[in-house]
Amino acid sequence: MNKQALVLFAHGARAASWAAPFERLRDLTQARTPDVPVSLAFLELMEPRLPERVAALTADGVTHITVVPVFLGQGGHVLRDLPLMVDQLRIDHPQTTINVVEAAGENAAVLNALCDYCVASLAA
């Protein structure tokens, strides 16, 4: 049986407060998926980085990891850096399936939710 995990992958920043919305997103997601561990990983400037997070999950017996890039746009980090990192992780952890979905900002439902928020701001 596959033991799954969900990793929300964000850029990272020097200010610890920057991570607060991502931590709330992790907590909201975890509440909806109580049987699947949900964690954060960062590209840079914050810990844990994605390789460390994947290594820890694999050590815990996880065999299927879904990575959700929590980026609004598919810039160089999502288009270049992440695929290279995941290619290496697949080599380092051949027993683990690593699936990367589209960047959050590329998803129609996410864009519609942001649009609803923007339109509602006119009435605020």
Side-chain angles (χ1 to χ4, degrees):
M1 183 168 139
N2 283 348
K3 185 174 175 189
Q4 295 186 73
L6 188 59
V7 176
L8 309 181
F9 179 68
H11 187 278
R14 285 182 179 82
S17 60
W18 175 90
F22 298 94
E23 291 165 352
R24 289 194 301 272
L25 178 61
R26 176 203 55 213
D27 294 347
L28 288 166
T29 306
Q30 185 64 78
R32 287 204 202 170
T33 60
D35 297 333
V36 176
V38 179
S39 57
L40 289 170
F42 301 97
L43 176 68
E44 58 189 17
L45 305 172
M46 299 184 114
E47 299 292 333
R49 303 277 177 91
L50 186 59
E52 288 77 20
R53 174 58 66 206
V54 168
L57 290 168
T58 300
D60 285 344
V62 171
T63 57
H64 190 277
I65 298 171
T66 299
V67 177
V68 179
V70 192
F71 287 74
L72 278 181
Q74 298 218 88
H77 291 312
V78 174
L79 294 175
R80 282 190 315 271
D81 301 338
L82 181 57
L84 290 172
M85 196 178 307
V86 170
D87 285 347
Q88 185 61 51
L89 289 169
R90 288 178 176 139
I91 292 167
D92 294 345
H93 306 282
Q95 73 283 17
T96 305
T97 301
I98 302 172
N99 181 37
V100 180
V101 298
E102 68 187 342
E106 300 292 322
N107 180 274
V110 173
L111 288 175
N112 283 324
L114 287 169
C115 176
D116 291 346
Y117 173 75
C118 293
V119 170
S121 73
L122 291 170

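The figures that follow rest on heavy atoms only: side chains count, while hydrogens, waters and symmetry mates do not.
Separating the CZ atom in R90 from the CE atom in M85 is a distance of 12.5 Å, to the nearest 0.5 Å. In this structure, E23 CD and Q30 CD are separated by 14.0 Å, a value rounded to the nearest 0.5 Å. Annotation: the span from L89 atom CG to I98 atom CD1 amounts to 5.0 Å, rounded to 0.5 Å. Note: S121 OG to D116 CG = 11.0 Å, rounded to the nearest 0.5 Å. Atoms CG and OG1, from L6 and T29 in turn, are 6.5 Å apart once rounded to the nearest 0.5 Å. Distance CG/L43 to CZ/F71: 5.5 Å, rounded to 0.5 Å.
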Listing, residues 52-62 side-chain donor-acceptor contacts under 3.5 Å, not counting sequence neighbours, or none:
from : atom 1 : to  : atom 2 : distance (Å)
R53  : NE     : S39 : OG     : 3.3
R53  : NE     : L40 : O      : 3.4
T58  : OG1    : V54 : O      : 2.9
T58  : OG1    : T96 : OG1    : 3.4

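M46 and L25 fall within the same hydrophobic cluster, defined by Ile, Leu, Val, Met, Phe, Trp and Tyr side-chain heavy atoms under 4.5 Å apart, directly or through other members. Note on V68 and L50: separate hydrophobic clusters, where clusters join Ile, Leu, Val, Met, Phe, Trp and Tyr whose side-chain heavy atoms are under 4.5 Å apart, directly or indirectly. Hydrophobic clustering (ILVMFWY, side-chain heavy atoms < 4.5 Å, transitive): F42 and V70 are in one cluster.
Within 6.0 Å of atom CG in L72, 12 or fewer heavy atoms from other residues, nucleotides or ligands are found, so the atom counts as exposed in its surroundings.
No donor-acceptor pair under 3.5 Å is formed between the side chain of R26 and the backbone N or O of V38. Under the 3.5 Å distance criterion, the side-chain polar atoms of T63 are matched with a main-chain donor or acceptor of K3. Judged purely by atom type and a 3.5 angstrom limit, Q4 has no side-chain atom pairing as donor or acceptor with the backbone of H64.
Of all non-hydrogen atoms in W18 and A13, the two that sit nearest each other are CG-CB, 3.5 Å. Residues L45 and R49 share a closest heavy-atom pair of N-NH2, 3.5 Å. Minimum heavy-atom separation, A41 to V7: CB-CG1, 3.7 Å.
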Exercise for review: With side chain to side chain contact (heavy atoms under 4.5 Å, CB included) as the test, would you mind laying out the steps for L8 and F22 before giving the verdict?
Suggested key: CA-CA 8 Å; L8 309 181; F22 298 94; over 6 Å; no
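Contact check for P69 versus V101: side-chain heavy atoms found under the 4.5 Å cut-off. Looking at heavy atoms from C-beta onward, T97 lies out of side-chain contact with I65 at the 4.5 angstrom threshold.
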